[in-house]
Amino acid sequence: MEHGEVFTRRRVVDLILDLLGYTADKDLCEVKLVDPACGSGAFLAAVTSRISASCRMHKRPSEMRSRLSVLLIYWTGTCSKAVCW
């Protein structure tokens, strides 16, 4: 660990998202999240996967493409800043 960096393991990310109720069975295209640290993108990867599964389950492919594009733009452009989606 350097400069206070903490990298969250995927199983911990999944547990946190599950406890929040951020699951693919819900319509996640309407839900907003904030990742104030961004870091290596552990939450971004999990959220992306869940949004994709949710949009497929709720038959919303166009919203999925739009939503995932915004996520990736925020992550690549503002990695050291708060990421909102």
Side-chain angles (χ1 to χ4, degrees):
M1 180 165 34
E2 193 174 313
H3 305 293
E5 295 172 353
V6 177
F7 299 99
T8 311
R9 289 189 164 86
R10 179 63 187 252
R11 68 176 185 261
V12 175
V13 170
D14 286 334
L15 174 63
I16 291 169
L17 292 174
D18 288 346
L19 290 172
L20 287 172
Y22 195 85
T23 55
D25 60 315
K26 296 190 173 109
D27 188 357
L28 298 180
C29 285
E30 301 299 325
V31 178
K32 301 209 183 305
L33 287 177
V34 174
D35 183 352
C38 190
S40 64
F43 278 92
L44 178 71
V47 166
T48 300
S49 175
R50 290 175 186 227
I51 288 173
S52 177
S54 173
C55 288
R56 280 193 309 273
M57 185 179 294
H58 295 280
K59 299 187 181 3
R60 296 178 69 164
S62 61
E63 286 93 339
M64 177 181 65
R65 284 191 298 274
S66 169
R67 198 85 163 127
L68 296 179
S69 296
V70 169
L71 277 174
L72 294 175
I73 289 167
Y74 271 120
W75 187 66
T76 58
T78 64
C79 193
S80 63
K81 300 176 185 165
V83 175
C84 304
W85 58 86

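When a residue number appears, it is its place in the shown sequence, counting from 1. These figures come from a predicted structure and were not determined experimentally.
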(request) Supply the atom-to-atom distance His58 NE2 to Asp25 CG, rounded to the nearest 0.5 angstrom. (result) 6.5 Å
(message) To the closest 0.5 Å, what do you measure between OG (Ser54) and NZ (Lys59)?
(response) 12.0 Å
(message) Quick check against the 3.5 Å criterion: does Ser49 have a side-chain atom that pairs as donor or acceptor with the backbone of Ala45?
(response) no
(message) Is the shortest side-chain heavy-atom distance between Tyr22 and Asp14 below 4.5 Å?
(response) no
(message) Which residues pass the side chain to side chain contact (heavy atoms under 4.5 Å, CB included) test with Val12, not counting sequence neighbours?
(response) Thr8, Arg9, Ile16
(request) Just jot down the side-chain hydrogen bond (donor to acceptor under 3.5 Å, both in side chains) partners of Asp18, sequence neighbours excluded, or say none. (result) Arg50
(message) Please say yes or no: joined through hydrophobic side-chain contacts below 4.5 Å, possibly via intermediate residues, are Leu20 and Leu28 part of one cluster?
(response) yes
